[in-house]
Amino acid sequence: MPEIHVVRKDNRHLYENYFDPYFRLRHDIYVKQRKWMALDRPDGREIDQFDTEDAVYLFCIDGGALIGAMRAVPTLSPTLMSDIFPHLNLRGPIQRGDVYELSRIFVIPERRGEHAGPRVEMLLLTAIMEYGISIGLTAFSIVLESWWLPRFERIGWKAHPLGLPQMMDGMSVLAVLVDCDEATWKSLCGQIGLSGPTLTWRGLADVNRRALPALSALPPPAAQQTQ
Ligand code: COA
């Protein structure tokens, strides 16, 4: 099964080889495929002002290759929502130590929509919940396209809109706050058949982590699918 690695400033040196492919993949996916031309850069790497040392990355690695990723930025630092899309959030700025903003989730085209094992995208959505619980987060803020909402509903991510969707560059976009809680993590693990934590914390032994709940008392998968 693919591994999901936590990469942050304290262990980034262990993953330096992955960053160039990572930023090139982001350029391929967001600029070339999705045509988000505002992100275009002549060097073929999609890097923005939120790729600072405060950013935390989940790298999904299989057989040594990066096949998916996600970015989390503390809301005490500048975020997409605070600096670029504040008009989407009618409730006012979110600047909380217990909330991180998620962005740039992707799976390489060859590994999308898989059914042979847990989908890479589901692994990432489960892993970020594990990360959040581990470091004491209670929510994630996200600026997203509205097609994510039924997907979140289906898997049990509880997303609370912070404003109305608005059309931008032909996309319906809104801001949400998603609960980060143990029940959601447990349910996600059940849905994809994980019997324990999935994150790899290489080089992060000094990080103060909260204990994760046991997964032994999971309800049967059929019951979870109806959430
Ligand atoms: N617009 C609308 N719906 C979309 C979509 C888009 N751009 N991308 C994915 N979906 C929805 C569709 O319902 C799709 O079902 P379909 O096969 O009937 O079209 C479903 O997601 C499954 O998507 P798929 O890409 O087959 O597989 P996945 O679930 O493994 O991966 C993503 C989902 C979003 C991770 C993957 O599509 C991806 O990496 N996309 C590019 C990066 C991206 O746009 N990220 C989101 C913004 S940061």
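Numbering of ligands and ligand atoms starts at 1, following listing order.
Annotation: side-chain contact (heavy atoms from CB on, under 4.5 Å) contacts of Pro213 (sequence neighbours excluded): Glu182, Trp185, Lys186. Remark: Phe85 pairs with no residue by the ring pair (Phe, Tyr, Trp, His ring centres under 6.0 Å) rule, at least two apart or across chains.
With no hydrogens or angles considered, no side-chain donor-acceptor pair links Glu130 and Thr126 at under 3.5 Å.
Using a 4.0 Å cut-off between charged side-chain N and carboxylate O, Asp48 and Arg71 make a salt bridge. The existence of a salt bridge linking Asp51 and Arg104 is excluded, since no basic side-chain nitrogen approaches an acidic carboxylate oxygen closer than 4.0 Å.
Sorted by first and then second residue, the salt bridge (charged side-chain N to carboxylate O under 4.0 Å, His left out) pairs with a member in residues 134-145 read Arg34-Glu145; sequence neighbours excluded.
At a 4.0 Å heavy-atom cut-off, the residues surrounding ligand 1 are Ile29, Tyr30, Arg34, Trp36, Arg104, Ile105, Phe106, Val107, Arg112, Gly113, Arg119, Glu121, Trp147, Trp148, Arg151, listed by chain and number.
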